[in-house]
A.B. asks: 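This is the structure, below, for whatever I ask next.
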Number of protein chains: 2
Amino acid sequence: MTDTPMREPTFLVLTALAAGPQHGYAVIEDVARMTDGRVRLRAGTLYAALDRLRTDGLIEVDREEVVQSRLRRYYRLTGVGETRLAAESSRLRQQATLAEGRLRARHDLGGAPA
Amino acid sequence: MTDTPMREPTFLVLTALAAGPQHGYAVIEDVARMTDGRVRLRAGTLYAALDRLRTDGLIEVDREEVVQSRLRRYYRLTGVGETRLAAESSRLRQQATLAEGRLRARHDLGGAPA
DNA sequence: GCAGCATATACCGATGACAGGTATATACGC
DNA sequence: GCGTATATACCTGTCATCGGTATATGCTGC
């Protein structure tokens, strides 16, 4: 079963990599930018997520660079990861639509219907 | 900070209650129906979530009934819960839109852009 | 010339939501 | 009497995430 619900940080890491290959630290910054600073990935969270996603085949190492004597490991979304991200997005959208529909119905009827 | 990301089962419990007061077992069935059988809440997951949501003031006990000598405790969404569910829905929709936009851009350019 | 900060990867312990199972009790069909 | 559906509740394990720390380099201000 691949349908274990993905947590928010993991989803955002995949979304970041959907824009193209990025290294870990850049992902942290991208996620912060995407969420208007609301989600600030911890180093522990990020690298654990990258390892997990790599083990699951959703991402893979794109290339490694050395910039100013510091290693930069770039990650890339795989085909499987792309499919998985699309499925997760669709699920999120459906659930949002569902909840919004029910919330709207409450107000249309002027209270909680039995 | 109330913006701790809500997990899927919890979100679905709130969505179920958004339709009107329901008792625990009915919530399990409603969630299964809503998700086409994909999400089958365990008893442990549900009642723990109900306790947590009640502690956090997102839901409250609506009434208690005894049907065929069995207790039925009905829960109701509070105003706080309604606001919270609306916020979560909006967040889910935004993230879905973001991911979908990036996935679409990949294909428009025929590959992962740098 | 060193303190502090940004960059960059990596490990570690604690927390907490959830899965899975079990216990309880009643009513119904077989 | 046994299994199943209804209904609530507890308990143990797992695992993603949080928060912190360690490592190392280069830049800026003092």
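The chains referred to below are lettered A, B, ... by the order of the sequence lines, with proteins before strands, and numbering in each begins at 1. Just so you know, these numbers come straight off a predicted model, no measurement behind them. FYI, side chains are in, hydrogens and waters are out, and symmetry mates aren't considered; it's all heavy atoms of this structure.
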A.B. asks: Is it true that B:Arg93 and A:Glu100 make a salt bridge, defined as a side-chain N closer than 4.0 Å to a carboxylate O?
C.D. replies: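 A salt bridge is present here (some side-chain N lies under 4.0 Å from a carboxylate O).
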
A.B. asks: Between D:dT8, C:dA17, D:dC18, which nucleotide gets closest to the side-chain atoms of A:Pro9?
C.D. replies: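 The answer is D:dC18.
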
A.B. asks: Once you round it to whole Å, what is the distance between C1' of D:dA16 and CG of A:Asp56?
C.D. replies: 12 Å

A.B. asks: Drop me the distance from B:Ser89's OG to B:Leu14's CG, to the nearest 0.5 angstrom.
C.D. replies: 9.0 Å

A.B. asks: Looking at B:Arg52, I'd like to know whether one of its side-chain N or O atoms comes within less than 4.0 Å of OP1 or OP2 on C:dA17.
C.D. replies: yes

A.B. asks: From CD of A:Gln22 over to P of C:dT9, roughly how many Å is that when rounded to an integer?
C.D. replies: 11 Å

A.B. asks: What is the distance, rounded to the nearest whole Å, between atom CZ of A:Arg63 and atom P of C:dA8?
C.D. replies: 13 Å

A.B. asks: Once you round it to whole Å, what is the distance between P of C:dT9 and CZ of A:Arg54?
C.D. replies: 11 Å

A.B. asks: For the pair made of NE2 in B:His23 and P in D:dA5, what is the distance, rounded to whole Å?
C.D. replies: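 Value for this atom pair: 16 Å.
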
A.B. asks: Could you check whether A:Glu29 gets within reach of a base, just the sugar-phosphate, or nothing at all, counting any heavy atom under 4.0 Å?
C.D. replies: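 Here A:Glu29 touches the backbone only, sparing every base.
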
A.B. asks: Quickly work out the B:Glu8 CD to D:dA16 C1' distance and round it to whole Å.
C.D. replies: 15 Å

A.B. asks: Does the pair B:Tyr25 and B:Leu46 meet the rule for a side chain to side chain contact (heavy atoms under 4.5 Å, CB included), with working shown?
C.D. replies: CA-CA 9 Å; B:Tyr25 200 84; B:Leu46 176 79; over 6 Å; no

A.B. asks: Rounded to whole Å, please give me the gap between CD1 in A:Ile28 and P in D:dG19.
C.D. replies: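 One finds 14 Å between P of D:dG19 and CD1 of A:Ile28, rounded.
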
A.B. asks: Can you figure out which of C:dT9, D:dA9, C:dC18 approaches the side chain of A:Arg73 most closely?
C.D. replies: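 It is C:dT9.
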
A.B. asks: Look at the side chain of B:Arg7 and decide which nucleotide, out of D:dT17, C:dA17, D:dA7, has an atom nearest to it.
C.D. replies: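 That would be C:dA17.
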
A.B. asks: By nearest heavy atom, map A:Leu71 and B:Phe11 onto DNA chain C; which one lands nearer the 5' end?
C.D. replies: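 The 5'-side residue here is A:Leu71.
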
A.B. asks: Sub-3.5 Å donor-acceptor pair from the side chain of B:Arg54 to the main-chain atoms of B:Ile59, do we have one?
C.D. replies: no

A.B. asks: Can you tell me which residue among A:Leu58, A:Thr78, A:Leu77 is in a side chain to side chain contact (heavy atoms under 4.5 Å, CB included) with A:Leu53?
C.D. replies: A:Leu58

A.B. asks: Tell me the interatomic distance from B:Tyr25, atom OH, to D:dA9, atom C1', rounded to whole angstroms.
C.D. replies: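 For the pair B:Tyr25 OH and D:dA9 C1', the rounded distance is 15 Å.
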
A.B. asks: Out of curiosity, B:Glu8 CD to A:Leu92 CG, how far, rounded to the nearest 0.5 Å?
C.D. replies: 8.5 Å

A.B. asks: Please determine, by modelled atom types, if A:Arg91 and B:Thr35 share a side-chain donor-acceptor pair under 3.5 angstrom.
C.D. replies: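 The answer is no; no qualifying pair exists.
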
A.B. asks: What are the residues of residues 39-51 of chain A, sorted by number, that bring a heavy atom to within less than 4.0 Å of DNA chain D?
C.D. replies: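 Residues of residues 39-51 of chain A that come under 4.0 Å of DNA chain D are, in numerical order, A:Arg42, A:Gly44, A:Thr45.
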
A.B. asks: Identify which nucleotide among C:dA8, D:dA9, D:dA16 has an atom closest to any side-chain atom of A:Thr10, counting heavy atoms from C-beta outward.
C.D. replies: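 Ranking C:dA8, D:dA9, D:dA16 by closest atom to the A:Thr10 side chain puts D:dA16 first.
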
A.B. asks: Would B:Glu29 and B:Gln22 count as having a side-chain donor-acceptor pair, cut-off 3.5 Å?
C.D. replies: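 Short answer, no.
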
A.B. asks: Would you write out the dot-bracket form of DNA chain C, 5' to 3', with Watson-Crick and G-U pairs under 3.5 Å, [ ] for crossing pairs, | for pairs to other strands and . for unpaired bases?
C.D. replies: ||||||||||||||||||||||||||||||

A.B. asks: Give, for atom CD of B:Glu82 and atom NE2 of A:His107, the distance between the pair rounded to the nearest 0.5 Å.
C.D. replies: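 If I round to the nearest 0.5 Å, the distance is 4.0 Å.
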
A.B. asks: With DNA chain D as reference, determine whether B:Ala26 or A:Met6 sits nearer its 5' end, using the nearest nucleotide of each.
C.D. replies: B:Ala26

A.B. asks: Salt-bridged, A:Asp62 to A:Arg72, with N to O below 4.0 Å?
C.D. replies: no

